[in-house]
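Working notes for the structure below.
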Protein chains: 2
Amino acid sequence: MSPSTRDRPAKAPLSREAVLQAGLKVLRAEGIEGVTMRRVATELDTGAASLYVYVRNRQDLLNQMFDEVIGEIDLGDAPDPKRWRDQLTALLHASRVAMDRYPGIARVPLANVPTGPNAVRAADRMLGILRAGGVDDRSASWFVDVVSLYLNAASYETSIYVEEGREHDDVDEEIRDAFSQLDPADHPNITALMPMLTAGDGDERFDFGLQLMINGLLNTEPPKI
Amino acid sequence: MSPSTRDRPAKAPLSREAVLQAGLKVLRAEGIEGVTMRRVATELDTGAASLYVYVRNRQDLLNQMFDEVIGEIDLGDAPDPKRWRDQLTALLHASRVAMDRYPGIARVPLANVPTGPNAVRAADRMLGILRAGGVDDRSASWFVDVVSLYLNAASYETSIYVEEGREHDDVDEEIRDAFSQLDPADHPNITALMPMLTAGDGDERFDFGLQLMINGLLNTEPPKI
DNA sequence: ACCTGAACACCGTTCAAGT
DNA sequence: ACCTGAACACCGTTCAAGT
């Protein structure tokens, strides 16, 4: 005789939403390597095979999880010609913060172009800000691509340390160690620039790259297309 | 009675070099996902356990393979103040070509800062070119970081298609398909810019990003460090 | 329609036993 | 010192059998 449903806590029914939330929970706690079908299934008190009703495969699960993460980004207010540069910078920083909460998720948009609803909405917003700023349509189109690659790579790189449970400072020290053992005659530039190569925190360096690209945008001919 | 060594082809003895070459052969043919310890061992007619004399683990094997790939890059002639910009562009294009020959290898430098001899030599050369061009030391130091993230992300993205056996054109079509199904009212900018968003080949787009960053470098204050 | 256990074909890494 | 087979603890995915 099976116990009445009254006597045991109701098990939440499976759903696409439940699978995604379980996946995101594992991702936050253990990083992208920890997001295995079996691990996510355990979180839902079921077996891996049960997930295949809601996702096509692991890659599809990760793609859908990525779009959820992008959905957390505050897109800010409507594009404003007077504040476009600040709006663009804010949007990109917000994107980085959102992705950094989920260690390794940035590998997903590097591995295939995102076409989820939230990713598409964010891309459209970025294009809107650039156009509000008077940026040429051709430059704006390609800029979104370029800056997204940079954003994703930057987030992926920092999140890897999180996943490995190492501190950014420890990694810095390792790099300094490796560089300081180099023969100065063979590596005059690295030797001379050592202090600057590892200076600044991740955010400062990321922002430097962003400003570089935005200033470049204002000083580069649109592509001939 | 074992046959005389005369009677059978000598099996090449294992060595660090042999393991790396076997790994690179598998990488070229099957992409980074195909580079498993077991697969590389098979290439050497042995078992996976035998590789652990020469590499600490799979990540270490990939790190060492990456440095071999970087070793294939032609660093060009000595930094020349008159030609620094062309030299910089050429070095970055050569880096991309080298990595693109090995599908997915670009994920390695995204996952941990490369400190192999060839990677360090290439970084020193890039710094040398920037300094020859009169770029401020602080800007040069951070620029190497920024442009490397971009380079690695760009190479990783294109190589993923290779690994999946898909053509770049097919992917383009998929993206166009996804975009054309969007509600124009919700996505006015993507809709308006559709033709440009997917225009140009990978090389043109990559070069646009490079010129953006170099022009940005010439129009951005050095970081305050 | 949804869920499940078991099976299949893989992984990386370790270790005792060999040479 | 180097090499190996076997074992351990995992994977993603499929499928027949259940409800």
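Below, each value reflects all heavy atoms present in this structure, side chains not excepted, and no hydrogens, waters or symmetry copies. Proteins get letters first, then strands, A, B, ... in listed order; numbering begins at 1 in each. Bear in mind that the values here come from a model prediction, so they are computed numbers and not experimental data.
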For a side-chain contact (heavy atoms from CB on, under 4.5 Å) with A:L182, tell me which candidate from B:D124, B:T115, B:V120 qualifies.
B:V120
Among B:V69, B:N63, B:N152, find the residue that satisfies the side-chain contact (heavy atoms from CB on, under 4.5 Å) test when tested with B:V108.
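In the set B:V69, B:N63, B:N152, the residue that makes a side-chain contact (heavy atoms from CB on, under 4.5 Å) with B:V108 is B:N63.
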A:Y150 and A:F206 aromatic ring geometry - parallel, tilted or perpendicular at 30°/60° bounds:
parallel
Tell me: [atom1] of [X] to [atom2] of [N], nearest whole Å?
X	N	atom1	atom2	answer
B:L44	D:dT4	CG	C1'	14 Å
A:I32	D:dC11	CD1	P	15 Å
A:R16	C:dC3	CZ	C1'	20 Å

Taking DNA chain C as the partner, which of residues 51-62 of chain B come within under 4.0 angstrom of it by heavy atom?
B:Y52, B:N57, B:R58
Can you list, by residue number, the residues of residues 34-43 of chain B that have a non-hydrogen atom closer than 4.0 angstrom to DNA chain C?
B:T36, B:M37, B:R38
Between B:D145 and A:R205 (salt bridge meaning N to carboxylate O under 4.0 Å), is one present in this structure?
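Yes, this pair counts.
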Are A:E33 and A:R107 within salt-bridge range, i.e. N to O under 4.0 Å?
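A salt bridge links A:E33 with A:R107.
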In residues 22-30 of chain B, which residues come under 4.0 Å of DNA chain D by heavy atom?
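The stretch gives none, as no residue of it lies under 4.0 Å from the strand.
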Mind listing the closest non-hydrogen atom pair of A:S155 and A:M99 along with its distance?
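Distance-wise, the nearest heavy atoms are OG-CB, 3.5 Å.
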Separation between CD1 of B:I32 and OH of B:Y156, rounded to the nearest 0.5 Å:
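If I round to the nearest 0.5 Å, the distance is 7.5 Å.
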Any strand counts, and the cut-off is 3.5 Å on both contacts for Watson-Crick or G-U wobble. Which nucleotide pairs with C:dA7?
D:dT13
Both distances below 3.5 Å, Watson-Crick or wobble geometry, any strand: find the nucleotide opposite C:dT19.
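The base-pairing partner of C:dT19, which may sit in any strand shown, is D:dA1.
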Can you tell me, in whole Å, how much space there is between the P of D:dA9 and that of C:dA9?
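Here D:dA9 and C:dA9 have their P atoms 22 Å from each other.
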Using side-chain heavy atoms (C-beta onward) and a distance below 4.5 Å, is A:V35 in contact with A:M65?
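A:V35 vs A:M65: side chains touch.
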Distance below 4.0 Å between B:T46 side-chain N/O and D:dC3 OP1 or OP2
no
